[in-house]
Engineer: 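Sharing a structure, written as structure tokens. Questions coming.
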Amino acid sequence: EYSTSKRFVVGQIAQAEGRLSVKSYETKNAKAEVRTNGKDVSVRANICFERGGDTKLGARMIFPPVSVGSVEITERGTRVESKLLGVNKEVRTPQILNTLFQNAILGIVPPVYQLFGEDDFSQFDMLLSADGKYVISRSAKDMSIVLRVNANDFTLAGLRVFSMGQTVDFNIKEYSDFSGSRLPSSLKVTSTTGNKDTGSLDITIKDVTLK
């Protein structure tokens, strides 16, 4: 049984936001399924970031181990480069995408209430789903946010953000223990613009270095 008190949920999320004192994250041998421009590629992926800094993803073929390309997510947008897929471009993405990605890869509920100039989730709509998830949502004129939070430990289960005509979905499929920290080990990121599916990244993580 889980509490349906909004005050309780808001307080527990606030505590959970500070559960990881992580300054940097790196995984060097994640398995990833990348789909873009109608092409599907299975690769090994490196993911690294300093909290609050740019997020860098590199990909290489499983065999032979040649570079496939790279993605760099910043507060200004996303840079995608790949000779194999014939891609070299700046992708216009929501400014908060980098923060959302870092929080998702750490399993932390992102403080998206700050986008509304608020200090917590008190003004968001909340409900408890049948599968033990708190569904937390808020809509504004040009943006909508839906978060799913695991009710048993207040880790992030998924989120959807609509902004600037784009929708980005994060779905965390599984958590595992890494050096004493419980972090996502399987997650999928999907991007759509209007009704057009613009790509996805499905990641399985087996080892993580935290500092």
Side-chain angles (χ1 to χ4, degrees), residues 1-20 22 25 27 30-33 35 47 93-94 96-97 99-116 118-178 180-206 208:
E1 296 183 2
Y2 301 112
S3 174
T4 55
S5 164
K6 178 182 283 191
R7 183 176 180 181
F8 172 80
V9 174
V10 170
Q12 291 299 308
I13 291 175
Q15 291 184 31
E17 284 178 356
R19 71 183 178 87
L20 282 179
V22 175
Y25 175 103
T27 179
K31 182 180 178 182
E33 302 289 332
R35 182 172 51 77
I47 304 170
T93 53
I96 61 171
L97 177 61
T99 299
L100 296 180
F101 186 88
Q102 291 187 9
N103 278 267
I105 207 81
L106 293 171
I108 300 172
V109 178
V112 291
Y113 49 77
Q114 295 175 353
L115 296 171
F116 301 91
E118 297 167 356
D119 297 322
D120 58 30
F121 286 102
S122 298
Q123 301 304 312
F124 281 62
D125 294 325
M126 295 188 186
L127 61 87
L128 179 62
S129 66
D131 61 346
K133 305 280 192 305
Y134 289 110
V135 181
I136 303 170
S137 60
R138 183 81 175 268
S139 295
K141 182 178 180 181
D142 56 354
M143 177 175 58
S144 66
I145 297 171
V146 180
L147 303 102
R148 290 180 292 112
V149 180
N150 293 310
N152 61 331
D153 60 4
F154 291 90
T155 55
L156 184 67
L159 67 95
R160 171 177 290 183
V161 177
F162 171 81
S163 178
M164 302 188 307
Q166 292 181 296
T167 302
V168 180
D169 275 292
F170 295 83
N171 179 31
I172 300 176
K173 302 177 182 179
E174 187 176 359
Y175 277 80
S176 298
D177 290 324
F178 297 101
S181 296
R182 189 160 179 79
L183 301 171
S185 55
S186 179
L187 69 156
K188 184 172 185 176
V189 186
T190 304
S191 173
T192 56
T193 300
N195 295 322
K196 183 180 179 182
D197 191 340
T198 52
S200 66
L201 175 64
D202 204 332
I203 310 169
T204 301
I205 299 166
K206 293 185 177 180
V208 174

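Numbers here simply count residues along the sequence, with the first being 1.
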Engineer: How about Lys133: does its NZ atom have over 12 heavy atoms from other parts shown lying under 6.0 Å from it?
Structural biologist: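 More than 12 within 6.0 Å, yes.
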
Engineer: Heavy atoms only: give me the nearest Ser144-Ser139 pair and the separation to one decimal.
Structural biologist: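 In this case the closest contact between Ser144 and Ser139 is CB-OG, 3.5 Å.
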
Engineer: Can you measure from NZ (Lys188) to CD1 (Ile203) and round to the nearest 0.5 angstrom?
Structural biologist: 11.5 Å

Engineer: Pick from Ile172, Ile205, Val208: which one makes a side chain to side chain contact (heavy atoms under 4.5 Å, CB included) with Ile105?
Structural biologist: Ile205

Engineer: Work out which heavy atom in Val109 is nearest to a heavy atom in Glu17; give both atom names and the distance.
Structural biologist: O-CG, 3.8 Å

Engineer: Would you say Asp153's side chain and Thr155's backbone share a donor-acceptor pair under 3.5 angstrom?
Structural biologist: yes

Engineer: Test side chain to side chain contact (heavy atoms under 4.5 Å, CB included) on Asn171 and Asp169 and set out the steps.
Structural biologist: CA-CA 6 Å; Asn171 179 31; Asp169 275 292; over 6 Å; no

Engineer: Check step by step if side chain to side chain contact (heavy atoms under 4.5 Å, CB included) holds for Phe178 and Ser185.
Structural biologist: CA-CA 9 Å; Phe178 297 101; Ser185 55; 4.0 Å; yes

Engineer: Counting only heavy atoms not in Lys173, do more than 12 fall under 6.0 Å of its NZ?
Structural biologist: yes

Engineer: Do you know which two heavy atoms are closest between Tyr175 and Gly107, and how far apart they sit?
Structural biologist: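 Residues Tyr175 and Gly107, closest heavy atoms: OH-CA, 3.2 Å.
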
Engineer: Report yes if the side chains of Ile13 and Asp120 come closer than 4.5 Å at any heavy-atom pair, otherwise no.
Structural biologist: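 When only atoms from C-beta onward are counted, Asp120 and Ile13 do not touch, as no gap falls below 4.5 Å.
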
Engineer: What's the separation between atom CD1 in Ile47 and atom CZ in Phe101, rounded to the nearest 0.5 Å?
Structural biologist: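 The distance works out to 4.5 Å.
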
Engineer: Can Leu115 and Ile96 be said to form a side chain to side chain contact (heavy atoms under 4.5 Å, CB included), step by step?
Structural biologist: CA-CA 9 Å; Leu115 296 171; Ile96 61 171; 3.5 Å; yes

Engineer: Which distance, rounded to the nearest 0.5 Å, do you find between the CG of Leu106 and the OG of Ser181?
Structural biologist: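 Leu106 atom CG to Ser181 atom OG measures 9.5 Å (nearest 0.5 Å).
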
Engineer: Looking at Pro110 and Leu159, what are the two nearest heavy atoms and their distance?
Structural biologist: CG-CD2, 3.9 Å

Engineer: Check whether any side-chain N or O of Thr198 sits under 3.5 Å from a backbone N or O of Ser191 as a donor-acceptor pair, and report yes or no.
Structural biologist: yes

Engineer: If you define the side chain from C-beta out and look only at heavy atoms, does anything of Arg138 sit under 4.5 Å from Phe116?
Structural biologist: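 A side-chain contact under 4.5 Å exists here.
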
Engineer: Could you grab the distance from atom CZ of Phe121 to atom CD1 of Ile145, nearest 0.5 Å is fine?
Structural biologist: 8.0 Å

Engineer: Find the distance between OG1 (Thr190) and CZ (Arg160) and round it off to the nearest 0.5 Å.
Structural biologist: 9.0 Å

Engineer: Let me confirm one number: the CG-CG distance from Leu147 to Leu156, rounded to the nearest 0.5 Å.
Structural biologist: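 These two atoms lie 6.5 Å from each other.
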
Engineer: For Phe162 and Val146, what are the C-alpha separation, side-chain angles and deciding distance, and is it a side chain to side chain contact (heavy atoms under 4.5 Å, CB included)?
Structural biologist: CA-CA 9 Å; Phe162 171 81; Val146 180; over 6 Å; no

Engineer: Of all heavy-atom pairs between Val9 and Ser3, which one has the smallest distance, and what is that distance?
Structural biologist: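 So the minimum-distance heavy-atom pair works out to CG2-O, 4.3 Å.
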
Engineer: Does Lys6 reach the main-chain N or O of Phe124 with its side chain, forming a donor-acceptor pair under 3.5 Å?
Structural biologist: yes

Engineer: Could you label the plane-to-plane angle of the Tyr2 and Tyr134 rings as parallel, tilted or perpendicular, counting under 30° as parallel and over 60° as perpendicular?
Structural biologist: perpendicular

